[in-house]
Amino acid sequence: MLKLNNVEYIKSLGMKVSGTFYWVALACQVWLWSCKQQTVPVTSPDAQAVAVDSSRFFTNPIAEGADPWVLKMDSVYYSCGAGRGGIYVSKSSTLTQLGKRVQVWSAPEEGWNAHNIWAPEIHYLQGKWYIYYTAGKVRGGPYIHQRSGVLESTTNSPFGPYRDRGMLYTGDNMDDSSSVKWAIDLSPFYLNGQLYAVWSGWEENALTDKTKQHLFIARMSNPYTISSNRVKISSPTETWETGGELDLNEGPQILKKNEKAFVIYSTRESWLKEYRLGQLTLADTLMDPMQSKNWKKSDGPVFQGTDQVLGVGHCSFTKSPDNTEDWILYHAKKSATPGWQRNIRAQKFTWTINGYPQFGEPVPAGVPIPLPSGSNSTIAH
């Protein structure tokens with residue numbers, strides 16, 4: 001907003017204030033003063049969301065936070081996240097309104113999982129609710145103690161209560177439980193009736209969190225037990241995965257279509273605007289996912305930021321209410337400034353004729369997006 005100080009504003013421009021020109025200056029001052037009274041404040045792009053018909057459209061972002069996880073069961077969407085030293089779950093009948101966040105678990109005061117709760121996911125496996133998450137024994141950085149664990153609901157409710165099933169094995173020697181390695185963003189999935197876990201980890205534990213991150217996979221004998229040594233299936237080696245402060249692959253998510261399986265993962269630094277998504281492809285689900293050679297990396301990022309949407313990454317996938325559309329949820333940075341101030345967004349994606357996901361470009365904040373197919377005006381609960 002302009003601030004004027006009588007004729008001094010004119011003087012600041014190097015003009016001589018005398019004679020007839022004085023009255024010109026004075027007239028200009030009066031005109032500018034009247035403009036001042038009508039000054040319209042400048043708003044940020046996120047605040048300039050166009051008024052839309054909420055029965056047909058929504059706009060991004062849909063929530064504050066990061067690392068979005070949504071599970072659709074029947075006609076209900078369950079979301080999961082971390083905050084206030086614990087993990088929350090929400091329930092909603094609509095994908096674009098994730099519902100009230102209810103804390104279902106609080107970290108213990110001490111132990112391997114007392115601090116730094118990251119990226120929880122809620123799953124329904126073998127008739128029970130489970131939450132997979134990352135935590136560390138020391139508050140704050142350097143984040144060298146992060147490991148992956150799992151909680152199991154003691155009831156039929158996704159809101160728990162939950163019991164702690166402990167740290168998951170993410171090492172190279174099944175005979176030595178102490179061989180567990182740094183592991184984050186663990187996500188379970190089924191392939192041909194076998195349960196697997198995929199996560200981001202270090203080759204060896206280290207004294208600095210500026211350590212390269214890779215993607216690993218292992219078999220699970222049940223939802224709370226990893227029953228094999230890990231196998232590395234991806235490293236940040238491509239030019240579009242490297243070149244910044246830290247080379248990493250993280251946030252892996254499984255996506256299946258017909259005979260193909262994909263691991264969509266995040267790469268580049270999560271705190272920078274260059275954060276983006278890459279893709280591994282298992283050309284046939286009958287192929288052994290524990291053989292790293294069976295996974296083929298994309299030639300470039302499959303989803304990345306624009307001038308208007310920065311640092312897109314750490315996604316999850318779900319269906320529209322009527323199951324006719326595929327949707328991606330992801331987070332984006334609020335500004336180009338390095339850091340972890342992010343919000344959650346959603347948009348539809350399609351498939352190529354050859355059966356590969358086609359994510360397109362991230363839709364800018366405030367741009368109307370048609371509601372997921374089958375949506376209604378029911379408010380999240």
Side-chain angles (χ1 to χ4, degrees), residues 69-72 119 121 123 125-126 132 148 168-170 172 183-201 203 212-223 225-238 240-241 247-268 276-304 313-319 323 325-330 349-360:
W69 172 261
V70 172
L71 171 69
K72 182 175 183 284
E121 298 183 4
H123 293 261
L125 302 169
Q126 300 180 11
Y132 297 82
S148 291
L168 289 161
Y169 172 76
T170 53
D172 300 315
I184 66 170
D185 301 341
L186 187 143
S187 186
F189 67 93
Y190 274 103
L191 198 62
N192 296 320
Q194 172 64 51
L195 187 60
Y196 297 91
V198 62
W199 68 90
S200 174
E203 290 185 316
K212 185 180 294 187
Q213 294 171 224
H214 313 261
L215 297 184
F216 295 90
I217 190 174
R219 286 186 293 271
M220 302 185 76
S221 57
N222 58 49
T225 306
I226 289 180
S227 55
S228 77
N229 291 323
R230 61 181 186 166
V231 172
K232 184 170 64 176
I233 59 173
S234 179
S235 295
T237 56
E238 301 300 314
W240 51 272
E241 299 176 295
D247 297 340
L248 59 81
N249 287 173
E250 64 184 15
Q253 291 294 320
I254 196 71
L255 184 62
K256 291 181 277 189
K257 179 75 168 179
N258 299 328
E259 78 283 359
K260 294 184 179 69
F262 307 92
V263 169
I264 309 299
Y265 64 95
S266 301
T267 188
R268 290 297 306 263
R276 58 191 64 176
L277 296 181
Q279 175 178 291
L280 302 178
T281 301
L282 192 67
D284 192 321
T285 55
L286 295 179
M287 300 170 72
D288 184 1
M290 295 285 288
Q291 295 291 322
S292 60
K293 65 181 181 181
N294 290 337
W295 293 98
K296 303 301 180 184
K297 186 173 290 188
S298 54
D299 293 331
V302 293
F303 193 57
Q304 60 182 327
H314 205 118
C315 63
S316 63
F317 304 103
T318 191
K319 290 280 192 178
N323 294 317
E325 296 173 344
D326 291 290
W327 283 71
I328 180 174
L329 285 90
Y330 61 95
F349 70 94
T350 58
W351 299 85
T352 68
I353 193 172
N354 295 322
Y356 290 86
Q358 191 166 262
F359 299 112

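Fair warning: this is a prediction, and the values are worked out from it, not measured in the lab.
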Within the 4.5 Å heavy-atom criterion, are [X] and [Y] side-chain neighbours or not?
| X | Y | answer |
| --- | --- | --- |
| Val198 | Asp185 | no |
| Glu121 | Leu186 | no |
| Leu71 | Thr318 | no |
| Leu248 | Lys212 | no |

What is the minimum heavy-atom distance between [X] and [Y], and which atoms define it?
| X | Y | value |
| --- | --- | --- |
| Pro289 | Leu191 | CG-CD2, 3.9 Å |
| Ser228 | Met290 | OG-CE, 3.5 Å |
| Pro188 | Met220 | CB-SD, 4.2 Å |

Gap between atom [atom2] of [Y] and atom [atom1] of [X] - 0.5 Å precision:
| X | Y | atom1 | atom2 | result |
| --- | --- | --- | --- | --- |
| Glu241 | Ser266 | CD | OG | 11.0 Å |
| Leu168 | Thr225 | CG | OG1 | 8.0 Å |
| Ser187 | Trp69 | OG | CH2 | 5.0 Å |

**Study point:** Side-chain donor-acceptor contact under 3.5 Å, Ser234 with Asn249
**Key:**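 Per modelled atom types, Ser234 and Asn249 side chains form a pair under 3.5 Å.
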
Exercise for review: Verify the distance criterion only: is there a donor paired with an acceptor across the side chains of His214 and Ser235 at less than 3.5 Å?
Suggested key: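 Result is yes, a qualifying pair exists.
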
Can you confirm if the aromatic rings of [Y] and [X] lie within a centre distance of less than 6.0 Å?
| X | Y | value |
| --- | --- | --- |
| Phe262 | Tyr356 | yes |
| Tyr132 | His123 | yes |
| Phe349 | Phe317 | yes |

**Study point:** Ion pair Lys232/Glu203, N-O distance below 4.0 Å
**Key:**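 Salt bridge between Lys232 and Glu203, a charged N being under 4.0 Å from a carboxylate O: yes.
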
Practice item. For Asp284, enumerate each residue passing the side-chain hydrogen bond (donor to acceptor under 3.5 Å, both in side chains) test, keeping only those at least two apart in sequence or located in another chain. Key: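 Testing Asp284 for side-chain hydrogen bond (donor to acceptor under 3.5 Å, both in side chains), a comparison that skips the adjacent residues, returns none.
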
